[in-house]
Visitor: 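The structure that follows is given in the form of structure tokens.
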Amino acid sequence: MKKSGSGYLYQSDDLDAVLSGNLPEGLQSLATAKQADEETFGAEDGARLTALKRDVARNNNPASTEIDVASATGILTYRIDIERVDTQGMTGILSVITDISETRHRERILKTLLRELSHRSKNLLAIIQGIATQTARQALSLDYFLIKFRGRIQSLAYSQDLVTDSSWRGAYLFALIERQFSAYWPNSETPISVNGINAHLSPNATLHIGLALHELIVNSASHGAISAGVNSLTIDCFGTILDDNDAIELAWIEHLPPAATLREADEHTFARTVLERVVPVAIGGRAMYLTTPDRIEYHLTIPSREYEIIDHVEE
């Protein structure tokens, strides 16, 4: 049974064991062997602990240290508080040994999470900076910039919400599509046709594919199928090959209504840059964007490292 609280070891100034109690499991040898620090904690930590005790005995100044010990259940961490005491005319060294493994384990997990959060935050800020810069280059006025920038940041926020809700594991493709469409196609009676593989995307793929979907959706809502109230676009996801490895392809096929007109100026805008360069580069994939007077096609190939196929989706 695991002992709770703190154990103690009282030694003479020469570090001979005199009295002990409640020592943690695996450290009982400290009370039975003379100067057993190296035997119990290993040569390096044992020598350091012995030197610390001798310094306390010589200078009468309390000291503390921590020592990690490998065990069958993982790394155990002990805090050892050392002081010189006078008991019934006898002086010696009292070491109070406390198992702080759970505390240190929680701290390590927290540090890992904070590092991951910092890394993801920097990535997110880099994406926002890129959006701001590219949007500004195409802006004809401040109002134009604000409208476009706010829309793109809102799209990023939609994707980020899905990533956060999944504890940073990413998002399902169909959920991402539905979320990005929510502000532009509220007609639930005639939903957008989404077919094929509902892959679970990585956080990186979720954010960038969300941006691509936003640009396609805004274009359609401005002068495409959505603007005409026509459900004439389909989205498919199917298996394919990229550089001799498994991949999936996301295909957007939009049939434009007769009244729709494509603006030639859009051919080199931020939207095209996002679709053809930013997104495929960010995920290590490949993209093709085609426009004709009556049709828009976007094909994005996603490498296997940016998704996984999960057979059973938990509700």
Side-chain angles (χ1 to χ4, degrees), residues 127 152 155-166 168-188 190-221 224-226 230-256 271-292 295-315:
I127 294 173
R152 286 159 182 161
S155 166
L156 192 62
Y158 288 157
S159 300
Q160 182 62 39
D161 284 344
L162 292 174
V163 171
T164 303
D165 290 345
S166 70
W168 301 89
R169 291 192 299 271
Y172 284 98
L173 175 60
F174 288 10
L176 178 63
I177 294 171
E178 180 181 358
R179 191 70 182 92
Q180 291 294 335
F181 264 104
S182 60
Y184 298 92
W185 189 263
N187 190 349
S188 59
T190 55
I192 299 297
S193 177
V194 183
N195 305 293
I197 301 172
N198 188 14
H200 191 271
L201 305 172
S202 71
N204 177 62
T206 300
L207 296 181
H208 285 92
I209 293 173
L211 289 176
L213 288 168
H214 173 76
E215 297 303 326
L216 291 166
I217 292 167
V218 168
N219 179 71
S220 182
I226 295 177
V230 178
N231 186 359
S232 59
L233 67 88
T234 60
I235 304 174
D236 289 296
C237 181
F238 49 87
T240 186
I241 297 295
L242 177 65
D243 297 330
D244 297 325
N245 294 309
D246 289 340
I248 55 175
E249 181 174 316
L250 178 65
W252 169 291
I253 309 295
E254 179 179 1
H255 298 277
L256 300 177
R272 182 169 285 277
T273 300
V274 167
L275 295 170
E276 292 185 326
R277 292 170 48 194
V278 174
V279 172
V281 169
I283 66 173
R286 185 171 57 210
M288 180 177 64
Y289 183 43
L290 301 174
T291 60
T292 66
R295 186 182 181 91
I296 291 177
E297 290 190 27
Y298 181 62
H299 299 266
L300 178 65
T301 305
I302 306 165
S304 58
R305 65 176 175 273
E306 293 290 352
Y307 70 89
E308 60 180 333
I309 305 300
I310 301 176
D311 292 334
H312 301 285
V313 180
E314 295 183 1
E315 299 293 338

Visitor: Return the minimal non-hydrogen interatomic distance between L162 and A171, and the atom names on each side.
Guide: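 Closest pair (atom of L162, atom of A171, distance): CB-CB, 3.8 Å.
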Visitor: Does I209 reach the side chain of L213, with side-chain heavy atoms less than 4.5 Å apart?
Guide: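 Sidechains of L213 and I209: in contact.
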Visitor: So how far is it from R179 CZ to D165 CG, rounded to the nearest 0.5 Å?
Guide: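 One finds 9.5 Å between CZ of R179 and CG of D165.
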Visitor: Which heavy-atom pair separates I197 from G239 by the least distance, and what is that distance?
Guide: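 Nearest pair, atom of I197 first, then G239: CD1-N, 3.5 Å.
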Visitor: Determine whether Y172 and I310 make a side-chain contact, defined as any pair of heavy atoms from C-beta on separated by less than 4.5 Å.
Guide: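 Y172 reaches I310 side chain to side chain.
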Visitor: Restricting to non-hydrogen atoms, name the atom on I309 and the atom on A199 that form the minimum distance, rounded to 0.1 Å.
Guide: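 Shortest heavy-atom contact: CD1-CB, 3.9 Å.
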Visitor: Does any part of the side chain of L290, heavy atoms only, come nearer than 4.5 Å to the side chain of I296, both counted from C-beta?
Guide: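 In short, these two side chains do not touch, never coming nearer than 4.5 Å.
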Visitor: Would you say the side-chain atoms of N198 pair up with the backbone N or O of F174, donor to acceptor, closer than 3.5 Å?
Guide: yes
Visitor: Once you round to the nearest 0.5 Å, how far does OG1 of T240 lie from CG of L242?
Guide: 8.0 Å
Visitor: Return yes if some donor-acceptor pair links the side-chain N/O of E306 with the main-chain N/O of N204 below 3.5 Å, else return no.
Guide: no
Visitor: Does a side chain donor of either S155 or R152 reach within less than 3.5 Å of an acceptor in the other side chain?
Guide: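 No, no side-chain donor-acceptor pair sits under 3.5 Å.
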Visitor: Let me see the working for I283 and L201 under side chain to side chain contact (heavy atoms under 4.5 Å, CB included), right down to the final yes or no.
Guide: CA-CA 11 Å; I283 66 173; L201 305 172; over 6 Å; no
Visitor: Would a 4.5 Å heavy-atom cut-off, applied to side chains only, mark T291 and R272 as touching?
Guide: yes
Visitor: Can you see which heavy atom on Y307 is nearest to which on I302, and at what distance?
Guide: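 That closest heavy-atom pairing would be CE2-O, 3.4 Å.
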Visitor: Any non-hydrogen side-chain atom of W168 less than 4.5 Å from a side-chain atom of V163?
Guide: yes
Visitor: Starting at CG of L250, measure out to CD1 of I235 and round the result to the nearest 0.5 Å.
Guide: 6.5 Å
Visitor: How long is the straight-line distance from CD1 of I253 back to CG of L233, given to the nearest 0.5 Å?
Guide: 10.0 Å
Visitor: Roughly how far, to the nearest 0.5 Å, is the OH atom of Y184 from the CG atom of N219?
Guide: 11.5 Å
Visitor: Mind listing the closest non-hydrogen atom pair of E254 and A225 along with its distance?
Guide: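 Distance-wise, the nearest heavy atoms are OE2-N, 2.8 Å.
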Visitor: Just checking Q160: does its CD atom have more than 12 heavy atoms from other residues, nucleotides or ligands closer to it than 6.0 angstrom?
Guide: yes
Visitor: Do you know which two heavy atoms are closest between A247 and T301, and how far apart they sit?
Guide: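 In terms of heavy atoms, the two residues are closest at CB-CG2, 4.0 Å.
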Visitor: Side chain to side chain donor-acceptor pair (under 3.5 Å) for S159 and Q180? Distances and angles first, verdict last.
Guide: CA-CA 8 Å; S159 300; Q180 291 294 335; 2.9 Å; yes
Visitor: With distance as the sole test, does Y298 use its side chain to make a donor-acceptor pair with the main-chain N or O of L216 at under 3.5 Å?
Guide: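 No; zero donor-acceptor contacts below 3.5 Å.
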Visitor: Where the side chain of S220 meets the backbone of I226, is there a donor-acceptor pair that is under 3.5 Å apart?
Guide: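 Checking the backbone N and O of I226 against the side chain of S220, a donor-acceptor pair under 3.5 Å is found.
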Visitor: Is there a side-chain contact between V278 and L211, using heavy atoms and a 4.5 Å cut-off?
Guide: no
Visitor: Measure the spacing between CG of N195 and OG1 of T234 and express it to the nearest 0.5 Å.
Guide: 7.0 Å
Visitor: Determine whether Y158 and L176 make a side-chain contact, defined as any pair of heavy atoms from C-beta on separated by less than 4.5 Å.
Guide: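 Counting from C-beta outward, Y158 and L176 never come under 4.5 Å.
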